[in-house]
Amino acid sequence: MPADGLEPATDAALVRAARLGDDAAFGELVDRHGPGMLRYARRLVGGSEADAGEVVQEAFISAWKGLDSFRGDSSLRTWLFRLVHRRAVDLIRHRRPTPIDDDLLSHVIRVADDNPLQDVMDSELLEALQEALDELPWNQRAAWLLREVEGLGYDEIAHAMGTTVGSVRGHLHRGRRQLAERMARWR
């Protein structure tokens, strides 16, 4: 609870206020959902901060312009991830691949304290995981990131990717199987 004792506004309340032209309400939505959107975009576009920032910025511009079209069939978070997904697809289709940031998944595992050998092994594991993710087909990688990193449910992933829950399950199954094969030496 905030210091003033008031509950934070819900996404629905902020959307209603933003629809009425309240820039501060939309700014709160940006602050609330922007970091997750940026994480997802960064991984989809191969680690480029500039490209991820562009994708998220375009997604928020689309969100601002399309607030009236948001019906609430899904959560606002899911709708925003859908916008990021669409913008990232557009960006990837129109650009060459970019180099990968080796530290992209550094938050996935805890780094050992004062253990140089463990630090090297953790770094190698993350590098191998990033390479394995980069080799996955686009839909498998997107589904895996939304599920395993962002924690979205199957319905939310299906909505964000514009597909069915059955397709999401298939993408996740195939992606997990391929990752398991590529990461077998790390077991």
Side-chain angles (χ1 to χ4, degrees), residues 1-101 103-105 107-108 133 137-165 167-168 171-172:
M1 189 176 292
D4 59 9
L6 299 175
E7 291 288 327
T10 65
D11 283 350
L14 291 171
V15 167
R16 283 191 302 274
R19 281 179 175 158
L20 296 173
D22 185 346
D23 293 340
F26 191 76
E28 176 66 26
L29 292 171
V30 170
D31 292 343
R32 187 176 290 179
H33 297 287
M37 293 168 64
L38 189 60
R39 264 193 318 270
Y40 180 54
R42 189 179 308 121
R43 289 181 184 100
L44 282 179
V45 299
S48 167
E49 286 292 328
D51 287 348
E54 180 180 334
V55 164
V56 171
Q57 182 177 8
E58 289 178 14
F60 274 126
I61 290 169
S62 294
W64 176 253
K65 290 178 179 178
L67 272 178
D68 288 335
S69 69
F70 176 64
R71 297 183 315 251
D73 295 339
S74 65
S75 71
L76 178 70
R77 180 174 186 235
T78 301
W79 184 65
L80 292 171
F81 274 113
R82 173 78 175 143
L83 294 175
V84 169
H85 186 85
R86 287 181 184 165
R87 298 308 166 272
V89 167
D90 291 344
L91 182 89
I92 295 301
R93 283 183 184 154
H94 296 99
R95 290 212 178 149
R96 293 186 351 219
T98 58
I100 300 300
D101 178 5
D103 298 326
L104 189 60
L105 296 175
H107 77 282
V108 172
L133 281 171
W138 173 266
N139 285 328
Q140 291 176 20
R141 179 177 11 156
W144 190 89
L145 289 168
L146 287 171
R147 178 71 181 157
E148 303 299 334
V149 178
E150 297 302 331
L152 269 61
Y154 291 101
D155 290 336
E156 293 174 308
I157 296 169
H159 186 77
M161 292 179 61
T163 190
T164 65
V165 171
S167 292
V168 168
H171 293 314
L172 282 171

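One is the number of the first residue; the rest follow in order along the sequence.
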Might you point out which heavy atoms bring V55 and V84 nearest each other, and give the distance in Å? CG1-O, 3.6 Å
Would a 4.5 Å heavy-atom cut-off, applied to side chains only, mark S62 and E58 as touching? no
Heavy atoms, side chains only, cut-off 4.5 Å: are R87 and M37 in contact? no
Of the non-hydrogen atoms in A18 and L67, which two are nearest, and what is the gap between them? CB-CD1, 3.4 Å
Can a donor-acceptor pair be found between the side chains of T78 and H159 at a distance below 3.5 Å? no
So how far is it from S75 OG to F70 CZ, rounded to the nearest 0.5 Å? 7.0 Å
Hey, does L14 have a side-chain heavy atom less than 4.5 Å from the side chain of R32? yes
Are any non-hydrogen side-chain atoms of F81 and E150 less than 4.5 angstrom apart? yes
Of all heavy-atom pairs between V56 and A41, which one has the smallest distance, and what is that distance? CG2-CB, 3.8 Å
Could you pull out the closest heavy-atom pair between L146 and M161, with the gap in Å? CD1-CG, 4.0 Å
Rounded to the nearest 0.5 Å, how far apart are CD1 of I157 and OG1 of T164? 12.0 Å
Interatomic spacing from CG in L29 to CG in L76 - rounded to 0.5 Å: 5.5 Å
Set out, in order, the CA-CA distance, both residues' side-chain angles and the distance that settles side-chain contact (heavy atoms from CB on, under 4.5 Å) for V45 and E54, then state yes or no. CA-CA 10 Å; V45 299; E54 180 180 334; over 6 Å; no
Are L152 and R77 close enough that some pair of their side-chain heavy atoms sits under 4.5 Å apart? yes
Candidate list R141, E148, R147, test side chain to side chain contact (heavy atoms under 4.5 Å, CB included), partner L145, passing option: R141
Indicate the atoms forming the closest heavy-atom contact of A63 with L80, along with that distance. CB-CD2, 3.8 Å
Ignoring hydrogens, what is the shortest heavy-atom contact between W79 and S69? Give both atom names and the distance. CZ2-OG, 4.4 Å
d(R39 CZ, R43 CZ) to nearest 0.5 Å is 6.5 Å
With under 30° as parallel and over 60° as perpendicular, where do the rings of H85 and Y40 fit, or are they tilted in between? parallel
